[in-house]
Protein chains: 2
Amino acid sequence: MAATKDPRPCSIADALALVGEKYSLLVLREVCLGNGRFDQLVRNIGAPRDILATRLRRLVDAGILTKRAYSERPQRFEYRPTRAGLELEPVLVTLMAWGDRHLREDDNRPMVVEHACGNELLPVVVCQACGDAVRHEDLSAHPQAPGWTVAGPTAA
Amino acid sequence: MAATKDPRPCSIADALALVGEKYSLLVLREVCLGNGRFDQLVRNIGAPRDILATRLRRLVDAGILTKRAYSERPQRFEYRPTRAGLELEPVLVTLMAWGDRHLREDDNRPMVVEHACGNELLPVVVCQACGDAVRHEDLSAHPQAPGWTVAGPTAA
DNA sequence: TCCGTGAGTTGGAAAATCAAACCCTCCCCT
DNA sequence: AGGGGAGGGTTTGATTTTCCAACTCACGGA
């Protein structure tokens, strides 16, 4: 999976190296929903069991999931998100909202998420400093390391 | 790439079916930075040229990228994000922030993004209704379709 | 004419995925 | 004591993808 010669140091690439493989983010979805058992994951995700076992090992090694026994004798396990894993949930809900908007005609969404405030969750990515929603035109990229060149209006 | 029997209708899965293949989101990163030419993409992403060609076709077909000629005679092309593509940028910056926080010791980030407000962009995913940052404990999932079962505190 | 650039395509070896079957441990039923 | 689950994986062999290097084609410039 390692992009053998990615010349760009990049946290997006690094993050995707951990969670960008097929099924990994769906595993996280299920685990965040509380469906952390192997057979649940197989059924709900539709992944081959061997692949799923590989992904789970990777995610545990990466510190995104933990494996806990929910029963000794017989030993039975459950995967749960770590804090780092939970912090990927905003990525999931943002991706879900994008899919709802662009991949479906209005309002046959497969799932609605409710926020503690009582409203349906419509996730918006904002700038922490000013609170404004992030729009492409308002961003400019500043590479900190060699290997980067950016063109156009976002140039350093 | 299609998960042949995913029993869960899910916009996260659908979105990942389009942009979840290896390199696709890195293509979007580059294109959002203004580096939309084939050879730039090859160099900056480090992907095999044939795979990249396949990904670009898929992303154009999906309406996430467009292919424009920036020169006739000789014909030279450039890929640019569509509106739908630009709306994935919040996912990218959120993922980048996660990688910066969890995958690097403090402050050798490869790239800093500046927001129009003058501050460094720290993306936060908030609930549009109440403005609060999204935290796992505040969410509850409500499946709208058959095939879903959720366990635990987020149950329907 | 020869070289270089941009934008891919082609061919074959190497790696990852898939589906189905299998295994092991325990528990329950009789 | 035997048989039948369930849970949590591993094994096997066929199918797909990826990977890499080399190649193509169209131009433009020296």
Side-chain angles (χ1 to χ4, degrees), chain A residues 1-7 13 16-27 30-31 34-62 65-80 149 151-152, chain B residues 1-8 13 16-27 30-31 34-61 65-80 149 151-152:
Chain A
M1 178 73 188
T4 41
K5 53 176 184 204
D6 184 335
L16 288 174
L18 291 185
V19 299
E21 291 169 305
K22 197 176 174 182
Y23 304 121
S24 293
L25 285 177
L26 298 183
V27 168
E30 288 303 314
V31 162
N35 302 112
R37 305 183 187 174
F38 192 83
D39 275 22
Q40 287 178 321
L41 293 168
V42 168
R43 274 192 299 279
N44 294 342
I45 297 172
R49 310 172 75 81
D50 56 341
I51 306 288
L52 197 51
T54 309
R55 294 293 180 272
L56 287 168
R57 262 189 294 270
R58 250 182 101 52
L59 291 170
V60 169
D61 288 355
L65 262 42
T66 51
K67 183 181 188 175
R68 307 183 69 70
Y70 66 86
S71 146
E72 312 285 342
R73 327 208 48 67
Q75 284 232 312
R76 292 293 142 78
F77 302 104
E78 179 186 22
Y79 295 90
R80 302 176 103 284
T149 48
Chain B
M1 177 73 189
T4 40
K5 53 175 183 203
D6 184 334
R8 261 206 204 301
L16 288 173
L18 290 185
V19 300
E21 291 169 303
K22 197 175 174 183
Y23 304 123
S24 293
L25 285 176
L26 299 182
V27 168
E30 287 304 314
V31 161
N35 302 112
R37 305 184 186 174
F38 191 84
D39 275 22
Q40 287 178 321
L41 293 169
V42 168
R43 274 192 300 279
N44 294 343
I45 296 172
R49 311 172 74 78
D50 55 343
I51 305 289
L52 198 50
T54 308
R55 294 292 181 273
L56 288 167
R57 260 188 296 270
R58 251 183 101 49
L59 291 170
V60 169
D61 287 355
L65 262 42
T66 51
K67 184 181 187 176
R68 307 184 69 71
Y70 66 88
S71 147
E72 312 285 342
R73 329 208 45 71
Q75 283 231 311
R76 292 295 142 77
F77 302 103
E78 180 188 19
Y79 294 90
R80 303 173 104 287
T149 48

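Labels below follow one simple rule: chain letters A, B, ... track the order of the sequence lines, proteins then strands, and each chain is numbered from 1.
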- Message: Does B:R76 qualify as a cation-pi partner of B:F38, given the criterion of NZ or CZ under 6.0 Å from the six-membered ring centre and within 45 degrees of its axis?
- Response: no

- Can we say A:E30 and B:R8 salt-bridge, meaning some charged N sits less than 4.0 Å from an Asp/Glu carboxylate O? yes

- Query: Can the positive tip of A:K67 be found less than 6.0 Å from the middle of the six-membered ring of A:Y79, inside 45° of the ring normal?
  - Reply: no

- Take atom OH of A:Y70 and atom P of D:dG7, then tell me their distance rounded to the nearest Å. 6 Å

- Message: Determine whether A:L65 and A:L56 satisfy the following criterion, side-chain contact (heavy atoms from CB on, under 4.5 Å), listing intermediate values before the conclusion.
- Response: CA-CA 8 Å; A:L65 262 42; A:L56 287 168; 3.8 Å; yes

- Note on the structure: Per atom distances to the A:K67 side chain, the nearest of D:dC20, C:dA7, D:dG9 is D:dG9

- Note on the structure: Sorted by chain and residue number, the side chain to side chain donor-acceptor pair (under 3.5 Å) partners of A:R68 (sequence neighbours excluded) come out as none

- Ignoring hydrogens and angles, tell me if any N or O in the side chain of A:R58 forms a donor-acceptor pair with the backbone of A:E21 under 3.5 Å. no

- In whole angstroms, how far is the C1' atom of C:dG6 from the CG atom of B:L56? 14 Å

- Have a look at the helix from C:dT1-D:dA30 to C:dT30-D:dA1 and give the angle its two end axes make, five pairs each, rounded to 10 degrees. 10°

- Task: Take atom CD of B:Q40 and atom C1' of C:dT5, then tell me their distance rounded to the nearest Å.
- Result: 13 Å

- Would you indicate what B:F77 reaches in the nucleic acid, counting non-hydrogen atoms under 4.0 angstrom: base, sugar-phosphate, or nothing? sugar-phosphate

- Note on the structure: Heavy-atom contacts, protein to nucleotides 23-30 of chain C, under 4.0 Å, summarised as B (base), S (sugar-phosphate only) or - (none) per nt, yield --BSS---

- Task: Applying side chain to side chain donor-acceptor pair (under 3.5 Å), name anything that partners B:R80, two or more places apart in sequence or on another chain.
- Result: none

- Task: Under the salt bridge (Lys or Arg N to Asp or Glu O under 4.0 Å) rule, collect the residues that match up with A:D50, sequence neighbours excluded.
- Result: none

- CD1/A:I51 to CD1/A:I45 distance, rounded to the nearest 0.5 angstrom? 12.5 Å

- Query: Would you say a side-chain N or O of A:Y23 is under 4.0 Å from OP1 or OP2 of C:dC18?
  - Reply: yes

- Using atom CG of A:L52 as one end and atom C1' of D:dG8 as the other, report the distance to the nearest whole Å. 11 Å

- For A:D50 and A:E78, take the nucleotide of DNA chain D holding the closest heavy atom to each; which residue's nucleotide lies nearer the 5' end? A:E78

- Message: Can you see if the side chain of A:Y79 gets near the phosphate of D:dG7 - specifically, an N or O under 4.0 Å from OP1 or OP2?
- Response: no

- Which residue lies more 5' along DNA chain D, comparing B:R49 with B:R55 via nearest heavy atoms: B:R55

- Over how many whole Å does the gap from A:F38 atom CZ to D:dG9 atom P extend? 6 Å

- Message: Can you measure A:I45 atom CD1 to C:dC18 atom P for me and round it to whole angstrom units?
- Response: 12 Å

- Query: How would you list, by chain and number, every residue that makes a side chain to side chain donor-acceptor pair (under 3.5 Å) with B:E78, sequence neighbours excluded?
  - Reply: none

- Message: With a cut-off of less than 4.0 Å, is there a side-chain N or O of A:R57 near OP1 or OP2 of D:dG8?
- Response: no

- Message: Between C1' on C:dG8 and CZ on B:R58, what's the gap in Å once rounded to a whole number?
- Response: 19 Å

- Does the side chain of A:K22 get closer than 4.0 angstrom to OP1 or OP2 of D:dT16 through an N or O atom? no

- Query: Separation of A:I51 atom CD1 from D:dT17 atom P, in whole Å?
  - Reply: 13 Å

